[in-house]
2 protein chains.
Amino acid sequence: MLWRVDPRDPEPLYAQIAGVVRRALGEGTLHPGDRLPSGKDLAKSLDVNLHTVLRAYQELRDEGLIELRRGRGAVVIASGSGVSRLGAMVDELISQAERLGISREELVRMINEEEADA
Amino acid sequence: MLWRVDPRDPEPLYAQIAGVVRRALGEGTLHPGDRLPSGKDLAKSLDVNLHTVLRAYQELRDEGLIELRRGRGAVVIASGSGVSRLGAMVDELISQAERLGISREELVRMINEEEADA
DNA sequence: ACCTATTTGTCCGTATGTATG
DNA sequence: CCATACATACGGACAAATAGG
């Protein structure tokens, strides 16, 4: 897997780990359906704690890049610029709007009123 | 503060904590500018670990409900900030969609077809 | 300018729970 | 039933930012 992280880098380790996975997705060395190493294995190979890896994985899951399930591991569900990521963003947007008491009609209006290059 | 969580509830403790804060915001017992108890204090009063409280706070921060800064604590964000954050999310979404060659009409359809609960 | 206390951020380790295969 | 793998929670340690004296 030859991934590396640097403990002296001011960027947090979990962010570095998420970064190398994102890069692998972008470069095409990871494809939809591929399984990422188990947290335990990757932690050992990077010489970091299991939690640090799992935190990185959860970040990637929140971004809609991987699916994370107990007993199964982490599976790539989209490329870095995929449509399912857009779906995740739509979900987040809707949740946020609901928290603010903003209806979908208003949300749609916001989108349509946004300038093309904005 | 009289907040309570239940360790036997299947809902994770950090989610319960985030929930009671959200409810306090919704009920108007917390207002923009108000400072939440420090993680240490709330952890003690709820009889949970400090990290559990901080995880709840970070979730609320990710939702745009509070601002979280070292040394200062957790402060309820002004409602206007929440809306402007929503605007930023809309911009991101539009950019991402354009990158994928997805039209705004299609974006709007995605939003309207999303399940109501999210 | 300095020092100290406070508070969140990260990381480690351990234990236990839960879903999957 | 058993092994694997993520999820949650606890605890401890140290770092970094902030606030106040």
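All values derive from a computational prediction rather than experimental measurement. The chains referred to below are lettered A, B, ... by the order of the sequence lines, with proteins before strands, and numbering in each begins at 1.
Mapping A/Gln16 and B/Gly39 onto DNA chain C by nearest heavy atom places B/Gly39 closer to the 5' end of the strand.
Contact between the side-chain N/O atoms of A/Asn49 and the OP1/OP2 oxygens of C/dC11 is not found at any separation under 4.0 Å. Contact check, A/Thr52 against C/dC12: a side-chain N or O comes under 4.0 Å of OP1 or OP2. Contact annotation: B/Arg72 reaches the phosphate of D/dA19 (side-chain N/O to OP1 or OP2, under 4.0 Å). Distances shown here put every side-chain N or O of B/Arg70 at or beyond 4.0 Å from the OP1 or OP2 atom of D/dA15. Between B/Arg69 and the phosphate of C/dT8, there is no side-chain N or O to OP1/OP2 separation shorter than 4.0 Å. Here A/Arg61 does not reach the OP1 or OP2 of D/dC6: none of its side-chain N or O atoms lies under 4.0 Å away. Contact check, B/Tyr14 against D/dA9: no side-chain N or O comes under 4.0 Å of OP1 or OP2. Put simply, B/Gln58 has no side-chain N or O that comes within less than 4.0 Å of OP1 or OP2 on C/dT8.
Within 6.0 Å of atom CG in A/Asp9, more than 12 heavy atoms from other residues, nucleotides or ligands are found, so the atom counts as buried in its surroundings.
Remark: P of C/dC11 and NZ of A/Lys44 are 21 Å apart, rounded to the nearest angstrom. At whole-Å resolution of the value, CD in B/Glu59 and C1' in D/dT8 are 13 Å apart. Spacing between atom CZ of A/Arg55 and atom P of D/dA5 amounts to 23 Å, rounded to whole angstrom units. Rounded to an integer number of Å, the gap from B/Lys40 NZ to D/dT18 P is 20 Å. What separates CG of B/Asp6 from C1' of D/dT8 is a distance of 15 Å, to the nearest Å. Distance A/Leu68 CG to C/dA19 P: 15 Å, rounded to the nearest Å. The CD1-C1' distance, from A/Ile17 to C/dT10, rounds to 12 Å in whole Å. When rounded to the nearest whole Å, the span between CG of A/Asp47 and P of C/dC11 equals 13 Å.
Nearest nucleotide to the side chain of B/Leu54, out of C/dT14, C/dG9, D/dC6: C/dG9. The nucleotide whose nearest atom lies closest to any side-chain atom of A/Leu13 is, among C/dC11, C/dT10, D/dC10, C/dC11. Of the listed nucleotides (D/dA9, D/dA5, C/dG9), D/dA9 has the atom at the smallest distance from the side chain of B/Pro12.
For C/dT14, its base sits under 3.5 Å from the side chain of A/His51 at one donor and acceptor pair at least.
Distance alone, capped at 3.5 Å, places no donor-acceptor pair between the B/Glu63 side chain and the A/Gln96 backbone. Judged by distance alone, with hydrogens and angles left aside, the side-chain atoms of A/Glu59 form no donor-acceptor pair with the main-chain N or O of A/Ala15 at under 3.5 Å.
Across all strands, A/Leu50 comes closer than 4.0 Å to no nucleic acid atom at all (heavy-atom distances).
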